[in-house]
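The structure under discussion appears below in the form of structure tokens.
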Amino acid sequence: MDIVEILKALADETRIRILNLLYMETLCVCDLEEILKISQSNASRHITKLKQAKLIAGEKQAQWIYYRVNEKILEQYSFVRELLSKEMENDLQRQKDVVRLKRYRELGGCCELTVKIVDD
């Protein structure tokens with residue numbers, strides 16, 4: 001893997017937000033759409049870029065594909081793990097995304113059950 005491709009994939013706020021959530025747990029595109037309040041096409045476009053950089057991997061289950069962070073890349077490029085484990089804690093937008101993820105799960109959100117997160 002070319003480090004330039006990884007850096008290019010990380011050079012977008014939405015992709016960083018997606019990667020941050022996938023570092024926490026496995027999610028599908030419909031989960032990301034609701035948590036991040038982005039369109040399906042936008043989510044898919046960013047997922048494609050992250051997959052091309054091999055930062056994430058997907059596993060098909062029924063009609064959904066569930067994505068997770070590629071642990072091999074985190075082992076090979078420790079700066080990515082450092083970014084996700086340490087640097088994200090201090091970022092306000094990432095903190096909000098984590099709160100939305102928790103709220104989404106509390107409401108029972110998943111691919112089989114569409115829920116809408118109402119912000120306070």
Side-chain angles (χ1 to χ4, degrees):
M1 171 56 33
D2 184 6
I3 195 167
V4 173
E5 290 305 312
I6 291 173
L7 293 172
K8 284 180 184 179
L10 294 173
D12 181 88
E13 182 178 3
T14 302
R15 288 193 290 272
I16 293 279
R17 292 174 69 198
I18 289 170
L19 201 57
N20 182 57
L21 291 172
L22 295 179
Y23 184 68
M24 299 187 71
E25 70 176 83
T26 301
L27 299 165
C28 72
V29 171
C30 54
D31 298 328
L32 293 167
E33 288 173 53
E34 181 57 30
I35 296 163
L36 300 177
K37 293 295 186 196
I38 58 177
S39 68
Q40 186 274 330
S41 61
N42 196 7
S44 293
R45 182 172 49 87
H46 289 298
I47 289 286
T48 298
K49 186 73 170 177
L50 291 168
K51 283 188 331 189
Q52 287 172 343
K54 296 189 170 102
L55 286 165
I56 64 171
E59 182 179 323
K60 189 167 176 64
Q61 294 178 13
Q63 66 262 40
W64 297 285
I65 300 175
Y66 291 88
Y67 296 98
R68 59 178 167 66
V69 171
N70 183 347
E71 286 295 326
K72 290 179 183 176
I73 290 294
L74 296 184
E75 289 171 14
Q76 187 174 0
Y77 298 102
S78 59
F79 75 91
V80 178
R81 184 182 304 277
E82 182 75 17
L83 172 74
L84 294 172
S85 66
K86 301 253 186 331
E87 296 300 320
M88 293 297 178
E89 294 173 358
N90 301 319
D91 185 87
L92 184 60
Q93 181 60 58
R94 294 345 154 247
Q95 292 169 0
K96 289 178 183 178
D97 291 343
V98 170
V99 168
R100 289 181 60 79
L101 171 60
K102 289 178 182 176
R103 194 174 299 158
Y104 179 74
R105 290 299 187 212
E106 288 168 0
L107 294 170
C110 63
C111 290
E112 294 87 8
L113 176 64
T114 303
V115 298
K116 297 293 178 196
I117 303 170
V118 179
D119 292 321
D120 298 332

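The figures that follow rest on heavy atoms only: side chains count, while hydrogens, waters and symmetry mates do not.
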Interatomic spacing from [atom1] in [X] to [atom2] in [Y] - rounded to 0.5 Å:
| X | Y | atom1 | atom2 | result |
| --- | --- | --- | --- | --- |
| I73 | K54 | CD1 | NZ | 7.5 Å |
| I56 | I47 | CD1 | CD1 | 4.0 Å |
| S41 | H46 | OG | NE2 | 9.5 Å |
| R45 | D12 | CZ | CG | 7.0 Å |
| I117 | R100 | CD1 | CZ | 4.0 Å |
| K51 | I65 | NZ | CD1 | 6.0 Å |

For the residue pair [X] and [Y], establish whether any side-chain heavy-atom pair is separated by less than 4.5 Å.
| X | Y | answer |
| --- | --- | --- |
| L84 | L74 | yes |
| R17 | I35 | no |
| L83 | L19 | no |

Please report the shortest heavy-atom distance between [X] and [Y], naming the atom on each side.
| X | Y | result |
| --- | --- | --- |
| L27 | R105 | CD2-NH2, 3.0 Å |
| S85 | Y23 | CB-OH, 3.5 Å |
| E34 | K37 | OE2-NZ, 2.6 Å |
| I6 | A53 | CG1-O, 3.9 Å |
| L21 | D97 | CD2-O, 3.8 Å |

Which pairs pass disulfide (SG to SG under 2.5 Å) with one or both residues in residues 44-74, sequence neighbours excluded?
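Every pair satisfying disulfide (SG to SG under 2.5 Å) with a residue in residues 44-74: there are none.
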Can you list every pair that meets disulfide (SG to SG under 2.5 Å) and has a residue in residues 5-102, with sequence neighbours left out?
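Sorted pair list: C28-C111.
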Who are the salt bridge (charged side-chain N to carboxylate O under 4.0 Å, His left out) partners of K96, not counting sequence neighbours?
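If we apply the salt bridge (charged side-chain N to carboxylate O under 4.0 Å, His left out) test to K96, skipping adjacent residues, there are no hits.
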Sorted by chain and number, sequence neighbours left out, side chain to side chain contact (heavy atoms under 4.5 Å, CB included) with E82 holds for K86
With sequence neighbours excluded, residues passing side chain to side chain contact (heavy atoms under 4.5 Å, CB included) with V98:
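For V98, the residues satisfying side chain to side chain contact (heavy atoms under 4.5 Å, CB included) (neighbours in sequence not counted) are N20, M24, K102.
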Quick one: do L55 and R15 satisfy side-chain contact (heavy atoms from CB on, under 4.5 Å)? Show the steps, please.
CA-CA 10 Å; L55 286 165; R15 288 193 290 272; over 6 Å; no
Scan for salt bridge (Lys or Arg N to Asp or Glu O under 4.0 Å) pairs involving residues 61-71, sequence neighbours excluded, and state none if there are none.
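Listed by first then second residue: E71-R81.
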Path from [X] to [Y] over hydrophobic side-chain contacts below 4.5 Å:
| X | Y | value |
| --- | --- | --- |
| I38 | I16 | yes |
| I18 | Y77 | yes |
| L22 | L7 | yes |
| F79 | L50 | yes |

Is the shortest distance from a Lys or Arg side-chain nitrogen in E5 or K8 to a carboxylate oxygen in the other one below 4.0 Å?
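Counted as a salt bridge, because a side-chain N and a carboxylate O are separated by less than 4.0 Å.
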